[in-house]
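Please read all numbers here as calculations on a predicted model, not as lab measurements. As the structure lists them, so they are numbered: ligands from 1, and atoms in each ligand from 1. Numbers here simply count residues along the sequence, with the first being 1.
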Amino acid sequence: MAQQQCISQLGGWEGYDVESCAIEVHRGVSWCIVHLSVQPDRQRWCSSCLRPCRAIHDLEQRRIRDLPVFEHRTVIIFPRVRVACPHCGPRVELLRWLDPYARVTRRLGESVARLCKVAAVLHVARHYDLNWKTVKELDKAYLERELGPADLDGIEIIGMDEFAIQKGHRYATVIVEPTRKRVLWIGRGNGREDIRPFFELLGPERCARLKAAVMDMNTGYRLEVQARCPNAAIVFDLFHVVAKYGREVIDRVRVDRANELRSDRPSRRIVKGARWLLLKNRDSLRPGEDVELDELLAANHSLFVVYVLRDALKDLWAQRQPELAAKAWNSWYRKALRSGIEPLRRFAKALRLYLPGILAHCRYPLGTNLIEGINNKIKVIKRMAYGFRDDAYFFLKIRAAFPGVG
Ligand SMILES: [Zn+2]
């Protein structure tokens, strides 16, 4: 009896006594099976209205999982009390160690959620021998409690970016506070109406306090910010402009050049296979690749031009003085138009329409690596947490990865 009291106290199943405890082996797995009985005449509370309530309405036998005891997986079998609440009617009893209708104890749930911070849902499920859906729901509930609603006070600058969910068929938008490196909001879609809920949440006063919004050249984002935030400068970030340049100029010129070389198969193969070599930053090339790149550029003039102008485009973002940035832009623009390379000319003309947003970065020189970093992190989270077709959970994981600094 004394021993069982000890187990009961260790177990922390408040409101219950240990009736029996046995180790059983099923299919090579060792289980600790604990039977609990209800303590009579105890003060109870209604889980719905939280008022005290002594009368029991009925009992329902439940079987839930708890933390492992040493090497044994643990199951608790006990009658769950429904109190006869005078205000709510029959309701499950409020217990500190078990949420209403939960399949695992609160401490097992917290342990699962802690492990989910560093491991994929499927691995956590295997570790605790739980269903992956249970693990996902536990982590989701924990994150919802832990993160709560985002604090939107005192924000002066926001960064906005879209990312693909489900192989590029659907998009979502993430809004961040770059200075504090935290995610403020995530929502489905990448259109103007899709991001409106964020500005509604922010409200007119806080919208008016926004000084800048950093984004890619998404018209919907720009129009919504301009309509809602009268004092916010639109700033285009380098990462997206350079990525667009890579797709629309470098890739295009490379494919055109490969087609020109149809009669020279070895050269054609080199040009065709040089996609990553051309898109990578020069300082992240592997040994030997720099020589390969130099040879490629020397033999293909149009590729050389678009490559050099990409670096010159990046230099624009290094400028901190608007006059110098404007001068650098004019010089870049002239070179692009004179190049005679059609994809480059087209890109330059389109970019010119966004010039104020490019020059605005001088006033708000934000590290664009944050947006790039978030973009990359989202891809990792997608691999770990998605595939479950649960956007809300996916978005919570992204928020949890960028909780903010300072
Ligand atoms: Zn009640």
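- Of the possible polar contacts, none joining the W329 side chain to the L316 backbone as a donor-acceptor pair under 3.5 Å is found.
- In this structure, R310 forms a cation-pi arrangement with Y307, its terminal cationic atom sitting closer than 6.0 Å to the ring centre and no more than 45° off the ring axis.
- For the Zn ion (ligand 1), the N/O/S atoms of C53 include none lying under 2.8 Å.
- At a cut-off of 2.8 Å, H87 is not counted among the residues with an N, O or S atom near the Zn ion (ligand 1).
- Vertex the Zn ion (ligand 1); arms to C46 SG and C85 SG; angle rounded to 10 degrees, 110°.
- Here D194 does not pair with R188 in a salt bridge; the nearest charged N to carboxylate O distance is not below 4.0 Å.
- With salt bridges taken as basic N to acidic carboxylate O contacts below 4.0 Å, one links K280 and E289.
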